[in-house]
Number of protein chains: 2
Amino acid sequence: MAEKKKGGAARAEELAELCRLDNQLCFAVYSASNLITRLYRPLLEPLGITYPQYLVLLVLWEHSTRTVGELGEALGLDSGTLTPLLKRLEANGIVARKRAPEDERRVLVELTPAGQKLRTRAASVPIEMICKLRLPPEQAVELRDALKRLTRDLRALPEGNEG
Amino acid sequence: MAEKKKGGAARAEELAELCRLDNQLCFAVYSASNLITRLYRPLLEPLGITYPQYLVLLVLWEHSTRTVGELGEALGLDSGTLTPLLKRLEANGIVARKRAPEDERRVLVELTPAGQKLRTRAASVPIEMICKLRLPPEQAVELRDALKRLTRDLRALPEGNEG
DNA sequence: CGCCATTATATGGGGTGCAATGGAATCGCG
DNA sequence: CGCGATTCCATTGCACCCCATATAATGGCG
């Protein structure tokens, strides 16, 4: 099958292999992400939140007050995604939003008492998720770090250019 | 840092570490997926398609005719996602949809000539993407396979239960 | 002090992603 | 053959996700 000299047919074969979904890293990331979000749903639905909302809360449970921009930086999301999401959290009494007094452009997002309480109720979520994934810890760490490196490197060079 | 006997404080510390975004595999997958979709945009926009639409076309370029169910199986998407997506592809003249004569429940999705032509114009996309990712090939393969194993194992046991 | 560039969110629109539901076609058992 | 169960897709409703653009506040320069 494999030929030393790559004629047109061999090159076409190579291209076809690159195009197969099963061979694509990007599709593997895409479908894993969709699947993971589905796995979170039954864990988070009893708490009345979605996975992206849960991610926002993970940040706030650590810092209690963040601006929209800081949340966006931490999560890799823009204001077009975060603003309506935060409004829903606010409508559900989980966070409060107010303009920063010293800079009226910024919006401070902070936990309400209900949002603080959610932290306790959500304490088991990470462990339950780890159980669901059923990955040996060192494999999970390796996979996580590989993805983090990839994301970090890609964020460094957002525009296409030669190296 | 690490203590043999885990008191309440140590356990709380442990939980806090589990909750940090930087430590979470799931968030690493989530943000990598969002970022990858953003990276595809400038490559696919000139072709007039989105990344999920491109994934559908990758399947059709290999098989030329698939049912909605087969596409959903291959991509891990359901009819609620695929039906409107396929309608948009149809509206753009890239695919045609028709009921299968032998089983009127099924909808056959097939490429139009324009959809076939897109294959040539999109031929450089996988290579451009590989360049963007800047991962050593063996690392990309390793990462891809780890994600594929994860996805495969998770699809096997969709409902939560003890092992 | 006034004006312009910059910064921080908000808004609008298009395109997913998925659960829940509905409806038509087919299957299969009696 | 008849009829309920099943299969397949479409529809609905809600929640992202992001780009482009708008708007308001701030900062800086003359």
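Quick note: numbers below take in every heavy atom, side chains included, and nothing from hydrogens, waters or symmetry partners. Proteins come first, then strands; the chains are lettered A, B, ... in the order of their sequence lines, and each starts at number 1. Quick caveat, the model's predicted, so the values are computed rather than measured.
One interatomic measurement links the two molecules: CZ of B:R66 to P of D:dC8, which rounds to 14 Å at whole-angstrom precision. Atom CG in B:L71 sits roughly 13 Å away from atom C1' in D:dC8 (whole-Å rounding). Taking atom CG of B:L108 as the reference point, atom P of D:dC8 lies 13 Å away to the nearest angstrom. Taking atom CG of A:L85 as the reference point, atom P of D:dC14 lies 16 Å away to the nearest angstrom. The CG atom of B:D103 sits 12 Å away from the P atom of D:dT7 (whole-angstrom rounding). What separates CD1 of A:I49 from C1' of D:dC16 is a distance of 15 Å, to the nearest Å. To the nearest angstrom, C1' of D:dC9 lies 11 Å from CG of B:L86. Taking atom CZ on A:R88 and atom C1' on D:dC16, their separation rounds to 7 Å, with Å as the unit.
In this structure, A:S31 OG and A:Q24 CD are separated by 11.0 Å, a value rounded to the nearest 0.5 Å. Taking OH from B:Y30 and OG1 from A:T151, the interatomic distance works out to 12.0 Å, rounded to the nearest 0.5 Å. In this structure, the separation between NZ on B:K132 and CG on B:L39 is 5.0 Å, given to the nearest 0.5 Å. Here B:L47 contributes atom CG and B:R121 contributes atom CZ; the two are 5.0 Å apart, rounded to the nearest 0.5 Å.
Looking at residues two or more places apart in sequence or on another chain, you find a side-chain hydrogen bond (donor to acceptor under 3.5 Å, both in side chains) between A:R97 and A:E90.
Nucleic acid contact class of B:T67 (heavy atoms, under 4.0 Å, all strands): sugar-phosphate only.
When the nearest nucleotides of DNA chain D are assigned to B:V107 and A:T50 by heavy-atom distance, the more 5′-ward of the two goes with B:V107. Toward the 5′ end of DNA chain C lies the nearest nucleotide of A:L35, the other residue of the pair A:L35 and B:R105 mapping further downstream.
Distances shown here put every side-chain N or O of A:R99 at or beyond 4.0 Å from the OP1 or OP2 atom of D:dA25. Under 4.0 angstrom from either OP1 or OP2 of D:dT11 there lies at least one side-chain N or O belonging to B:K87.
When distances run from any side-chain atom of A:Q53 to the nucleotides D:dC8, D:dA15, D:dT26, the shortest one goes to D:dA15. In this structure, the nucleotide among D:dA25, D:dC17, D:dA10 sitting nearest to the side chain of A:E104 is D:dA25.
Between A:W61 and A:R119 the shortest heavy-atom distance is O-NH1, 3.0 Å. Nearest approach of A:V59 to A:A74, heavy atoms of both residues: CG2-CB, 4.2 Å. Contact detail for A:C26 and B:M129: the closest heavy-atom pair is SG-CG, 3.9 Å.
Within a heavy-atom distance below 4.0 Å of DNA chain D, the residues of residues 73-83 of chain B found are B:S79, B:G80, B:T83.
In this structure a side-chain-to-backbone donor-acceptor pair under 3.5 Å is missing from A:T81 to A:L77. Distance alone, capped at 3.5 Å, is enough to place a donor-acceptor pair between the B:T83 side chain and the B:S79 backbone.
Protein chain A contacts DNA chain C from C:dT7 to C:dA19, reading 5' to 3' and using non-hydrogen atoms of the protein with a distance under 4.0 Å.
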